[in-house]
Amino acid sequence: SPDKNVLWMPSCAGAPCPAVSGPIDVYAQPTALPNNSGPTSAVSLANIDGAAAYDDNHDFLYVLIHGSTAIQIYANASTLGTSGNTTPAGTATITMNDPQIQYSPPPSPQEIYYDKATDRLFVSDFGSIVAKFDGFGTAAAGAVAGHTNVNLTATTEISGLLQTDGMAY
């Protein structure tokens, strides 16, 4: 995040990184760090798929849970990994559907992008959907305030795509 001068980077043993098994390395003030500096802190994560998005309106880091429809919400992301800030403050369970495909299990997130100007989260799955979740940051703030889970259904879905491998916005 340029505003907070923090970099979050999934850690993996090989390059390219096929999947993340944790931790997320946190680099505070990365623009001031000398070359070859290690992370300033790290947050251990289990069972994640490596995709994350930052919401600087709320200072949240959204992290996908591999093989599920859950997204972990880390509050105060600019200080993640410090002063005991190492666990999710809430979760969001998302629902998206492609009427052309029968899923078992339901579609799970592959890539996410948060648009702070519109408070929308865009999600692509491992198959054929790109879904939009309006008001995601506001709903996430409610989950964080209650240290609970919020259930959200896609506002709009683009379906029938052939094996999306990412998205750009």
Side-chain angles (χ1 to χ4, degrees), residues 1-4 6-10 17 19-24 26 43 45-81 85-169:
S1 164
D3 294 338
K4 305 285 186 188
V6 177
L7 171 69
W8 302 273
M9 180 182 244
C17 189
V20 176
S21 59
I24 286 185
V26 182
V43 177
L45 300 171
N47 198 30
I48 64 170
D49 201 25
Y54 178 65
D55 169 355
D56 65 350
N57 285 341
H58 299 95
D59 195 21
F60 292 160
L61 185 66
Y62 305 126
V63 179
L64 300 179
I65 304 298
H66 178 67
S68 80
T69 58
I71 298 174
Q72 292 178 330
I73 306 164
Y74 288 85
N76 304 309
S78 59
T79 62
L80 192 63
N85 183 15
T86 58
T87 58
T91 58
T93 302
I94 60 171
T95 301
M96 53 188 182
N97 296 297
D98 184 344
Q100 299 176 25
I101 298 174
Q102 296 295 319
Y103 284 96
S104 181
S108 61
Q110 173 188 6
E111 297 284 337
I112 60 176
Y113 171 78
Y114 179 75
D115 179 7
K116 73 177 187 173
T118 61
D119 192 23
R120 290 180 177 142
L121 185 75
F122 293 89
V123 179
S124 69
D125 77 335
F126 282 106
S128 61
I129 302 171
V130 174
K132 176 182 76 171
F133 295 85
D134 288 330
F136 188 85
T138 303
V144 166
H147 296 284
T148 188
N149 180 69
V150 61
N151 293 303
L152 300 169
T153 301
T155 313
T156 306
E157 297 158 325
I158 302 170
S159 62
L161 305 172
L162 181 59
Q163 296 181 340
T164 56
D165 284 331
M167 62 182 165
Y169 176 75

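We number each residue from 1, following the sequence as shown.
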Atom of [X], atom of [Y] and distance for their closest heavy-atom approach:
{"X": "M96", "Y": "A131", "answer": "SD-CB, 3.7 Å"}
{"X": "A140", "Y": "I73", "answer": "CB-CD1, 3.7 Å"}
{"X": "L152", "Y": "A139", "answer": "CD2-CB, 3.9 Å"}

Centroid-centroid distance, Y62 to F136, less than 6.0 Å: yes

Exercise: do D115 and T118 side chains pair donor with acceptor under 3.5 Å: yes

Side-chain donor/acceptor of H147 to backbone N/O of G90, under 3.5 Å: no

Polar side-chain atom of D119 near backbone of T138 as donor-acceptor pair, under 3.5 Å: yes

Check whether any side-chain heavy atom of [X] lies under 4.5 Å from a side-chain heavy atom of [Y], and answer yes or no.
{"X": "Y114", "Y": "N57", "result": "yes"}
{"X": "T148", "Y": "V150", "result": "no"}
{"X": "E111", "Y": "V123", "result": "no"}
{"X": "D59", "Y": "Y54", "result": "yes"}
{"X": "T69", "Y": "T95", "result": "no"}
{"X": "L121", "Y": "I112", "result": "yes"}

Using 0.5 Å steps for rounding, measure from the [atom1] atom of [X] to the [atom2] atom of [Y].
{"X": "T91", "Y": "Q72", "atom1": "OG1", "atom2": "CD", "result": "8.0 Å"}
{"X": "F60", "Y": "L80", "atom1": "CZ", "atom2": "CG", "result": "12.5 Å"}
{"X": "I71", "Y": "L61", "atom1": "CD1", "atom2": "CG", "result": "11.0 Å"}
{"X": "K116", "Y": "D55", "atom1": "NZ", "atom2": "CG", "result": "9.0 Å"}

By ring pair (Phe, Tyr, Trp, His ring centres under 6.0 Å) - contacts of F133 (at least two apart): none

Pair R120 + D134: basic N to acidic O under 4.0 Å: yes

